[in-house]
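Counting starts at 1 for both ligands and their atoms, in listed order.
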Amino acid sequence: MKGGRVVVIGGGPAGLLATGRAAERGALAVLLEKNAAPGKKLLLSGKGRCNLTSSEEDTDLFLSKYGRNGRFLYSVFSRFGPAETISFFESIGVELKEERGKRIFPAAGGAPGVLDALRRYAVGAGAEIRCENEALDLVLREGRVRSVLTKDGEIEGDAFIICTGGKSFPRTGSTGDGYRFARRAGHTVVPPVPALCPVRTAERWPETCHGLTLRNVSLSLRRNGKVTTSRFGELLLTHFGLSGPIAMDMSKEIAAALESGGGELVIDLKPALTHQVLTKRIRRDLDRLSGKHLKEALGGLLPSGLISAVIMKSPIPEQKLVNDIGNREVGELAALLKAFQLTPTGLLGFNWAVVTSGGVAIDEIDPGTMRSKIVENLFFAGEVIDIDGPTGGFNLQMCWSTGHQAGESAAVYAKSLPRR
Ligand SMILES: Cc1cc2nc3c(=O)[nH]c(=O)nc-3n(C[C@H](O)[C@H](O)[C@H](O)COP(=O)(O)OP(=O)(O)OC[C@H]3O[C@@H](n4cnc5c(N)ncnc54)[C@H](O)[C@@H]3O)c2cc1C
């Protein structure tokens, strides 16, 4: 028989798993979602394909992806980490497959299939999902949460889980309400900033290459002449500057650099070749194409969409015939391809950030239970907590692990209370 009422606020990945787990553990679980349906952001994940975790097996390496705060997840990962997540999804009918870079996706059905399975899991365990039910505030009395205020009145419970997400992509419903609720309960909120976000640059040339994806390039952030961080992979050129996995993954460090005096971005278009090897390769291409212009000679080396931008920045005049290009100029061209510079001016903001960095301070949450250290019947899960990771399934994994634990702990707590 069910007993103890758990109220979950927010029907994203963390909230859906927390609700299902609380119901499965015997609580009366109610999920409040302000949209007409849960999981609006989940449906956008992985461009609709949902990269739901990573197959990285080394827990220390996995947790290091979340930066300094990753250790906070150690305990929940030991109970419901990536391996348990994979088994869980398979047990609820979502067959999975691994793709390049240890990324795990549903084998079929994409994000809608994942959402559907989660919903069925929660409802099947006996939970109630109430949509178009926005939590307006928490009502606290004598150091405990009594109820959630909604436009239809107060919803009472024994335990409460905040799963309202961050502030990124607010059109999906994640508008930062959970930070307000956490502050109301006495929690510290580390100021939220956009992360995994496209980057604006001062230069206009990326606009001429809008939509062009550069593969196998490296991007470095340089400060005072020193490289402070770099990434290798895919970069997307856009009308405002840079997007794509490596620029987005670096956006947090770029924002921090801008806060403290700025920096410059350097694209190495040929990271696999040394300057010397690249110089020889260009010389060889030019020698083969005697009588042609530089533009035609670069076709074998660069994507066609990028050639005009390279020529614009190159020291060699566009109309010069390849036979007239000297070795010094070839060396300069190779140097340009190895260090194409851009000046970052800011991030595109919360509207386009994949995740939020910052949130409810982790030292005020018990890492073993996800319970507030301030209010005994309050729990947190998902992006509302001050933890974020890179692309590759790390952000959803954090939601699954914390959601599962918060649902479990809230149910155990709610059921342990004497019946009213
Ligand atoms: C475009 C895009 C692609 C992404 N792709 C991936 C990916 O492939 N892999 C990956 O790991 N991560 C990905 N992410 C990140 C991932 O989607 C998020 O980290 C994750 O959705 C956070 O889950 P959450 O449950 O904490 O919050 P959210 O998903 O933000 O859900 C919060 C829910 O709470 C509801 N809510 C908010 N306030 C209230 C309130 N006051 N009352 C009631 N309900 C409320 C919202 O409507 C929302 O439904 C992507 C994000 C974006 C934007």
Side-chain angles (χ1 to χ4, degrees), residues 7-19 30-54 65-66 82 85 99 101 103-106 110-111 114-115 118 129-138 148-151 155 160-182 184 192 194-198 243 245 248 348 350-357 359-360 370 380-404 406-407:
V7 179
V8 181
I9 310 174
L16 283 163
L17 193 49
T19 308
V30 183
L31 171 64
L32 307 181
E33 166 54 51
K34 70 172 160 192
N35 289 330
K40 209 166 166 185
K41 187 178 282 178
L42 182 62
L43 288 175
L44 300 180
S45 66
K47 296 191 176 128
R49 296 180 55 235
C50 188
N51 174 198
L52 56 79
T53 186
S54 160
K65 302 282 186 183
Y66 301 97
T85 299
E99 293 192 6
R103 291 164 192 249
I104 304 287
F105 289 89
V114 173
L115 178 57
L118 276 172
I129 300 180
R130 295 191 194 166
C131 294
E132 294 180 327
N133 235 293
E134 180 173 0
L136 301 174
D137 211 343
L138 295 186
V148 176
L149 190 63
T150 71
K151 67 176 174 10
I155 296 171
F160 297 81
I161 313 178
I162 299 181
C163 302
T164 44
K167 283 180 78 167
S168 50
F169 266 68
R171 58 191 173 278
T172 62
S174 327
T175 47
D177 301 7
Y179 304 139
R180 190 162 43 84
F181 303 152
R184 151 86 70 217
L196 297 184
C197 190
S243 187
M248 310 244 290
L348 224 52
F350 280 118
N351 281 349
W352 297 103
V354 170
V355 288
T356 304
S357 183
V360 181
M370 291 295 122
F380 295 96
E383 201 178 313
V384 71
I385 302 173
D386 177 24
I387 300 181
D388 59 284
T391 55
F394 296 95
N395 289 296
L396 282 174
Q397 181 58 59
M398 191 272 282
C399 295
W400 311 132
S401 297
T402 55
H404 186 268

Task: Numbered atoms of ligand 1 (with element) below 4.0 Å of Glu383, judged on heavy atoms - done: 18 (C), 19 (O), 20 (C), 22 (C), 26 (O)

TODO: Quick one: look up the protein heavy atom nearest atom 49 (O) of ligand 1 and list residue, atom name and how far away it is.
DONE: Glu33 OE1, 2.6 Å

- [ ] Among all protein heavy atoms, pick out the one at the shortest distance from atom 27 (O) of ligand 1; state its residue, atom name and that distance to 0.1 Å.
- [x] Gly165 CA, 3.3 Å

- [ ] Locate the shortest heavy-atom distance separating Leu16 from Gly11; write the atom from each residue and the value.
- [x] CD1-O, 3.8 Å

- [ ] Compute whether any side-chain donor of one residue and acceptor of the other, for Asp388 and Ser357, lie under 3.5 angstrom apart.
- [x] yes

- [ ] Specify the closest pair of heavy atoms between Asp386 and Gly359, including all atoms of both residues, with the distance to one decimal.
- [x] CB-O, 3.7 Å

Task: Side chain proximity check, Val114 to Leu52, heavy atoms < 4.5 angstrom - done: yes

Open item on the list: For Ser174 and Lys41, which I'm curious about, is there any donor-acceptor pair between the side chains at under 3.5 Å?
Closed with: yes

Open item on the list: Pairs of nitrogen or oxygen atoms closer than 3.5 Å, one from Glu134 and one from ligand 1: do any exist?
Closed with: no

Task: Closest protein heavy atom to atom 5 (N) of ligand 1, given as residue, atom name and distance to 0.1 Å - done: Gly46 N, 3.0 Å

- [ ] Find out whether Phe350 and Pro192 are in side-chain contact, i.e. whether some heavy atom of one side chain is under 4.5 Å from a heavy atom of the other.
- [x] yes

- [ ] Measure from NZ or CZ of Arg103 to the centre of the six-membered ring of Phe105 and say whether it is under 6.0 Å with the direction within 45° of the ring axis.
- [x] no

Open item on the list: Give me the nearest non-hydrogen protein atom to atom 9 (N) of ligand 1 as residue plus atom name, then the distance to 0.1 Å.
Closed with: Asn51 O, 2.9 Å

Task: Where ligand 1 meets Thr172 - atom numbers and elements under 4.0 angstrom, heavy-atom basis - done: 47 (O)

TODO: Could you tell me which atoms of ligand 1, counted from 1 in the order shown, lie closer than 4.0 angstrom to a heavy atom of Leu32?
DONE: 43 (C), 44 (N)

Open item on the list: Please check whether Lys34 reaches ligand 1 - meaning an N/O of the residue sits under 3.5 Å from an N/O of the ligand, judged on distance alone.
Closed with: yes

- [ ] Identify, for atom 29 (O) of ligand 1, the protein heavy atom at the shortest distance, and state residue, atom and that distance.
- [x] Pro13 CD, 3.3 Å

Open item on the list: Please state which option from Gly173, Gly178, Gly10, Ser174 has its nearest heavy atom closest to atom 37 (C) of ligand 1.
Closed with: Gly173

- [ ] Measure from the side-chain N and O atoms of Tyr66 to the backbone N and O of Phe394, and report whether any donor-acceptor pair falls under 3.5 Å.
- [x] yes

Task: Close side-chain approach of Arg130 and Leu31, heavy atoms under 4.5 Å - done: no

Task: Heavy-atom check, side chain of Leu149 versus side chain of Leu138, under 4.5 Å - done: no

Open item on the list: Need the ligand 1 atom indices (1-based, order shown) with element for anything under 4.0 Å from a heavy-atom of Asn133.
Closed with: 43 (C)

- [ ] In plain terms, say whether Arg49 and Glu99 are close enough for a salt bridge, that is, a side-chain N and a carboxylate O under 4.0 Å apart.
- [x] yes

Task: Closest protein heavy atom to atom 50 (C) of ligand 1, given as residue, atom name and distance to 0.1 Å - done: Val354 CG1, 3.4 Å

- [ ] Go through the side-chain N and O atoms of Ser54 and Lys65 and say whether any donor and acceptor fall under 3.5 Å apart.
- [x] no

- [ ] Tell me which one of Leu43, Val384, Asp177 gets a heavy atom nearest to atom 40 (C) of ligand 1.
- [x] Asp177

TODO: Would you mind listing which atoms of ligand 1 come within a distance below 4.0 Å of any non-hydrogen atom of Ser45?
DONE: 3 (C), 4 (C), 5 (N), 6 (C), 7 (C), 8 (O)

TODO: Would you mind checking which non-hydrogen protein atom is closest to atom 31 (O) of ligand 1, with the distance to 0.1 Å?
DONE: Gly12 CA, 3.3 Å

- [ ] Looking only at distances, please establish whether an N/O atom of ligand 1 is found under 3.5 Å from an N/O atom of Ala381.
- [x] no

TODO: Mark the output for Pro38 as yes if a heavy-atom distance to ligand 1 is under 4.0 Å, and as no if none is.
DONE: no

Task: Contact check, side chains of Pro194 and Lys167, non-hydrogen atoms, under 4.5 Å - done: no

Open item on the list: Residue-level breakdown please: for Cys163 versus ligand 1, do any non-hydrogen atoms fall below 4.0 Å on the side chain, on the backbone, on both, or on neither?
Closed with: backbone

Open item on the list: Show the atoms of ligand 1 that are less than 4.0 angstrom away from any heavy atom in Val355.
Closed with: 15 (C), 19 (O)

Task: Check: Phe181 N/O within less than 3.5 Å of ligand 1 N/O - done: no

Open item on the list: side chain to side chain donor-acceptor pair (under 3.5 Å), that's the test. Do Lys34 and Thr175 meet it? Break it down for me.
Closed with: CA-CA 11 Å; Lys34 70 172 160 192; Thr175 47; 2.8 Å; yes

TODO: Just jot down the ligand 1 atoms closer than 4.0 angstrom to any heavy atom of Gly382, in number order.
DONE: 26 (O)

Task: atom 12 (N) of ligand 1: nearest protein contact (heavy atom, Å) - done: Leu396 CG, 3.6 Å

Open item on the list: Which of the numbered atoms in ligand 1 are under 4.0 angstrom from any heavy atom belonging to Asn395?
Closed with: 11 (O), 12 (N), 19 (O)

